[in-house]
Amino acid sequence: MAQQALTLERFISLNQPTFPGGASVLTGLLSQIGLVGKYLAHDLRRAALLDILGTTGTTNVQGETVKKLDEIANETFVRLLQQNGQVCALASEEMEQPIILPRSGAQGAYMVLFDPLDGSSNTDVNMPLGSIFSIVMKQRPDDVLSESDLVRKGTEQVAAGYLLFGASTMLVFTTGQGVHGFTLDPESGDYLLSHKAITMPARGKVYAANEGNYQKWPCGTQKYFDYLKVKDKATGRPYSGRYSGCLVADVHRILLGGGIYLYPGELDKPEGKLRLLYEANPLAWVVEQAGGRASTGTMRILDVEAKQLHQRVPLIIGSMDDVLEAERHIQGQA
Ligand code: AFP
């Protein structure tokens, strides 16, 4: 339900006085990310008319084919965040190395890690897409900053969230004081508060996963998916499958209505597919702040010791009771 027309900037000034560095800094950072969202929403709406669909013919550090829109999204994030004046370093799924900005001065205390375009398989078929961001603070002087300064535990984030490019464009974020959703008003160009203090049901009725991988999963994981399909009125089973190919879209559905998203570890890829620093950590914080849970199946995502910038991690995320049930099965206790 839309609240009174409270803009992102006004909401932050009223509700985020304790943000490290002050509310005005958070406003600056989130407004810039919101501006990235406006540019990308504009590009996505016209992509099929501008010959910016399809691939670039290159692969990224992940070994994945790079879509033209991946490149455009990454360039937009880099260009706009470099202008921000508060950012001293940037790391992206699409860039092997981080960008350490020339001396950004005292203001430049923030490091932004992002997945510029999540759900790239959806770009050419007009399906939902997202961007994910995680913000941490530098702990060393600018002139010694390096990749290792960006490789931090999820509990060290100071802000995190995502942009969702669906029927509307949304910005959802947390700074540790709840989770709040803003919808872009195409008329005014403002992000207006539409989902204040989002809280998740303890249990949902949907699950999101690529079940084409079923044969690759360990036995405990398979048993959980079998469990979801057994009829049981008390636990609302069988659950309905809802998988869009875009983590942000699937997690957003679950954030608002409950349920569970799983990209589990596989027998030959126990680390799974998703990246810890700019996919799992930011979404884990958002979901925890809404009363949910996010784990690897055996430990809390936000406690995972990060070792590499593009480190992968299994991700089980969603309603508290659903994730706990998945963990029981994955750990062989069910
Ligand atoms: P892409 O951005 O490469 O499409 O990956 C999207 C994603 O990271 C996440 O958004 C999806 O939930 C998941 O991967 C889809 O992966 P599968 O295609 O293996 O199901």
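Order of listing sets the numbers, starting from 1, for every ligand and every atom in it.
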Per-atom contacts of ligand 1 with [X], taking only distances under 4.0 Å to non-hydrogen atoms:
X	value
Gly245	6 (C), 10 (O), 11 (C)
Tyr243	12 (O), 13 (C), 15 (C), 16 (O), 17 (P), 20 (O)
Asn210	17 (P), 19 (O), 20 (O)
Tyr263	16 (O), 17 (P), 19 (O), 20 (O)
Cys246	10 (O)
Glu279	8 (O)
Leu247	9 (C), 10 (O), 11 (C), 12 (O)

Query raised in the report: Pairs in or reaching into residues 28-55: which pass salt bridge (charged side-chain N to carboxylate O under 4.0 Å, His left out), with residues at least two apart or in two chains?
Result: Asp51-Lys68

Query - Pair Tyr239 + Tyr207: ring centers closer than 6.0 Å - result: no

Query raised in the report: Can Gln62 be said to touch ligand 1, with heavy atoms closer than 4.0 Å?
Result: no

Query raised in the report: Does Tyr39 have Arg79 sitting over its ring (NZ/CZ under 6.0 Å from centre, angle to axis within 45°)?
Result: yes

Query - Glu211/Lys229 ion pair, N-O < 4.0 Å - result: yes

Requested in this report: Identify whether the distance between the nearest side-chain nitrogen and carboxylate oxygen of Arg275 and Glu64 falls below 4.0 Å.
Outcome: yes

Query raised in the report: For atom 10 (O) of ligand 1, which candidate among Leu274, Asn122, Asp118 provides the closest heavy atom?
Result: Asp118

Query raised in the report: Which residue supplies the protein heavy atom nearest to atom 16 (O) of ligand 1, what is that atom called, and how far is it?
Result: Lys273 NZ, 2.9 Å

Query raised in the report: What residue and heavy atom of the protein are closest to atom 1 (P) of ligand 1, and at what distance?
Result: Ser120 N, 3.5 Å

Polar side chain donor-acceptor pair, [X] to [Y], under 3.5 angstrom:
X	Y	result
Asp226	Tyr214	yes
Tyr162	His252	yes
Asp70	Ser120	yes

Backbone or side chain, does any N or O of [X] fall under 3.5 Å from an N or O of ligand 1?
X	result
Tyr261	yes
Asp250	no
Glu93	no

Query raised in the report: Are Met95 and Leu274 connected in the hydrophobic side-chain network, where two residues link if heavy atoms are under 4.5 Å apart?
Result: no

